[in-house]
Amino acid sequence: MADRKALAHLLRRATFGPTVEEVDAAERAGLEATLDALLDPATEDAGAARTPVPKLPVVLNDKTDRAAQIRTVGYWWLDRMVQAEHQLHEKLTFFWHGHWATSADKVKSGPLMLGHQQTLARTGLGDFGTMVRAMLRDPALIIWLDGQRNTVKAPNENLARELMELFTLGVGHYTEQDVREGARALTGWVVDTKTGTASLNPKRHDAKPKTILGRTGDFDADGFAALLLDQPASAEFVVRRLWLRYCSDAPIPSATLDEAKRQPTTAAVLRVLLLAGGHAELVKQPVEWLAGALRQLGLRPGELPENQRKQLQSGLNQLGQVPLRPPSVGGWPAGAAWLTTSATQARLKLAQLLAGKAPQPFLDRLGAASQGQRVDALARLLVVDAFTDRTRAALTPAAGDPRKLLALGLASPEYAIQ
């Protein structure tokens, strides 16, 4: 039977940030039932229903309007992350955004970036093959990696290369010849900017035989995807990526890897990994840190004034992670890369903003503890296992001011760890 600490650890990994009530419920339900509820919720996501997908016109000529649409999608997604009750699904969607890293800086379309996010959400829990085939038709990804420039007369290798290197196989499992031949298989896809859809133009597609990964045939996008998915390296690559993000930066045990590779869906893979993940510490990414804090405080980004939503986005920008804007096709860094001096200062500034907006009920719960017990009360409310003596020494002088105490707790090293 899992103890509270183990359950809190699971929930920190599987969600953006568990509330104390969610940990209480997990303690009553037990580990298996909690995992079942995370992976296959029994009810509709009422929280997501409160954040309906924005309706955006596809055709816009004005750069200002396009930028405003992209901001709208970014605001909406952060609000969804906080409000969603199906937290594992929501966090996994963001994981896939980092995996299929596609940026609005080049796509320059709110509707296409929203469609990209929706495709990740729709396919994220299922079998990886469905996701790969869907992403090869994703207009945002096609534009991001120059797929619309890939024609029979002028092949462009960007999408084929990244598909193998970063999305499905990893370095060392393909050759430069495979990249060239794979690019031929992906020729002909174009994006209609008036409808925001992608389609195959047969006149631009190379229908001649290609030899990819040792096999020859008239491969198109789906045929190329099937070849990649048939490689033993594909399942292992995806499992290792999930392990690194959800469990540990230490190597995955071989037995866990073997079991996870046999699973038919990403949801099933996550079940194996989360049960085997142990208690290794992982650094929260900035979006995880912010969304989790907002959840725990009961703050909804969508209900904040425009200037404060801009402050949240500015804070994420200072921390180095803004949804819809990964720095490259390689996505965002992981681990200690987020623990810089400048990041610590930015976290404190953002923590002070959040503490200043903290609802009174949260502050009342913190203030209900005696001043000598407030540091421990804060740890419980923020689902931190325990503050170190060093952090406790920094927090204790602020115990008389709940907002100041909260800000310091949110900026603490312990809160930056999952």
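The heavy-atom pair separating Ala268 from Pro264 by the smallest distance is CB-CD, 4.1 Å. Nearest heavy-atom pair across Ala407 and Leu348 is O-CD1, 4.3 Å. Shortest non-hydrogen contact noted between Ala160 and Ala183 is CB-N, 3.4 Å. Of all heavy-atom pairs between Ala121 and Thr93, the closest is CA-OG1, 3.5 Å. Of all heavy-atom pairs between Leu382 and Tyr415, the closest is O-CE1, 3.6 Å. The shortest heavy-atom contact between Ala14 and Leu274 is CB-CD1, 4.3 Å.
Under the 4.5 Å side-chain criterion, counting only non-hydrogen atoms from C-beta, Val132 is not in contact with Phe167. Between Phe224 and Met164 there is a side-chain heavy-atom pair separated by less than 4.5 Å. Tyr246 has its side chain within reach of Phe95: a pair of non-hydrogen atoms, C-beta onward, lies under 4.5 Å apart. In this structure, Leu163 and Leu228 have side chains that are in contact, with non-hydrogen atoms separated by less than 4.5 Å. Side-chain contact between Leu299 and Pro359 is present, with at least one heavy-atom pair separated by less than 4.5 Å. Between Leu294 and Phe16, every side-chain heavy-atom pair lies at or beyond the 4.5 Å cut-off. Within the 4.5 Å cutoff, no side-chain heavy atoms of Trp96 are placed close to those of Gln117. In this structure, the side chains of Thr391 and Pro413 come closer than 4.5 Å at one or more pairs of heavy atoms.
Put simply, the side chain of Gln87 gets close to the backbone of Met81: a donor and an acceptor are under 3.5 Å apart. The main-chain N or O of Gln418 is never found under 3.5 Å from a side-chain atom of Glu281 such that the two would form a donor-acceptor pair. Ser109 contributes no side-chain N or O that, together with a main-chain N or O of Val107, makes up a donor-acceptor pair within less than 3.5 Å. Asp45 places a side-chain N or O within donor-acceptor distance of the main-chain N or O of His86, the cut-off being under 3.5 Å. The closest donor-acceptor contact from the side chain of Lys91 to the backbone of Arg13 lies under 3.5 Å. Using a distance-only test at 3.5 Å, with no hydrogens or angles considered, no donor-acceptor pair links the side chain of Trp338 to the main chain of Leu319. A donor-acceptor contact shorter than 3.5 Å links the side chain of Arg403 to the backbone of Ala355. No donor-acceptor distance shorter than 3.5 angstrom exists from the side chain of Trp243 to the backbone of Gly277, with no hydrogens or angles considered.
Ionic pairing of Arg295 and Glu22 is present here: one or more N-O contacts between side-chain nitrogen and carboxylate oxygen are shorter than 4.0 angstrom. Ion pair Arg392/Asp376 flagged as a salt bridge, since at least one NZ, NE, NH1 or NH2 atom sits closer than 4.0 Å to an Asp/Glu carboxylate oxygen. With respect to Glu288 and Arg245, a salt bridge is recorded, a charged nitrogen being found less than 4.0 Å from a carboxylate O. Of the charged side-chain nitrogens involved, none lies within less than 4.0 Å of a carboxylate oxygen, so that Glu165 and Arg161 do not count as a salt-bridged pair.
Under 3.5 Å, the side chains of Gln83 and Thr51 contain no donor-acceptor pair of N or O atoms. Counted by atom type alone, Thr388 and Glu414 present one or more donor-acceptor pairs between their side chains at under 3.5 Å. In this structure, a donor-acceptor pair under 3.5 Å is present between the side chains of Thr175 and Asp178. Side-chain contact, Arg66 with Gln69: no donor N or O sits under 3.5 Å from an acceptor N or O.
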Test log, rule side-chain contact (heavy atoms from CB on, under 4.5 Å), inputs His99 and Arg241: CA-CA 8 Å; His99 183 88; Arg241 288 294 298 269; 3.6 Å; yes
Check against side-chain contact (heavy atoms from CB on, under 4.5 Å), Leu381 and Leu366: CA-CA 8 Å; Leu381 289 171; Leu366 184 56; 4.1 Å; yes
Chi angles and distances behind the side-chain contact (heavy atoms from CB on, under 4.5 Å) call for Leu410, Arg347: CA-CA 8 Å; Leu410 291 171; Arg347 256 200 326 273; over 6 Å; no
Check against side-chain contact (heavy atoms from CB on, under 4.5 Å), Leu38 and Leu11: CA-CA 9 Å; Leu38 287 167; Leu11 290 172; 4.0 Å; yes
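Pairs passing the salt bridge (charged side-chain N to carboxylate O under 4.0 Å, His left out) check and including a residue from residues 358-375, sequence neighbours excluded, read Glu21-Arg365. Within the structure, side-chain hydrogen bond (donor to acceptor under 3.5 Å, both in side chains) contacts touching residues 247-275 (residues at least two apart or in different chains) are Asp36-Arg271.
Few gaps surround NZ on Lys106; more than 12 heavy atoms of other groups in view lie less than 6.0 Å from it. Environment of CZ in Arg300: crowded, with over 12 heavy atoms of neighbouring residues, nucleotides or ligands closer than 6.0 Å.
From Arg184, atom CZ reaches atom CG of Asn150 across 11.0 Å, with rounding to the nearest 0.5 Å. For the atom pair CG of Leu312 and CG of Asp79, the computed distance is 10.5 Å after rounding to the nearest 0.5 Å. If you take CG on Leu354 and CG on Leu406, they are separated by 8.0 Å, rounding to the nearest 0.5 Å. Rounded to the nearest 0.5 Å, atoms CG (Leu92) and CG (Leu120) are 9.5 Å apart. To the nearest 0.5 Å, atoms CG (Asp138) and CE (Met131) are separated by 10.5 Å. Between Glu306 atom CD and Gln311 atom CD the span is 11.0 Å, to the nearest 0.5 Å.
Taking the six-membered ring for Trp and the full ring otherwise, Trp332 and His97 have centroids separated by under 6.0 Å.
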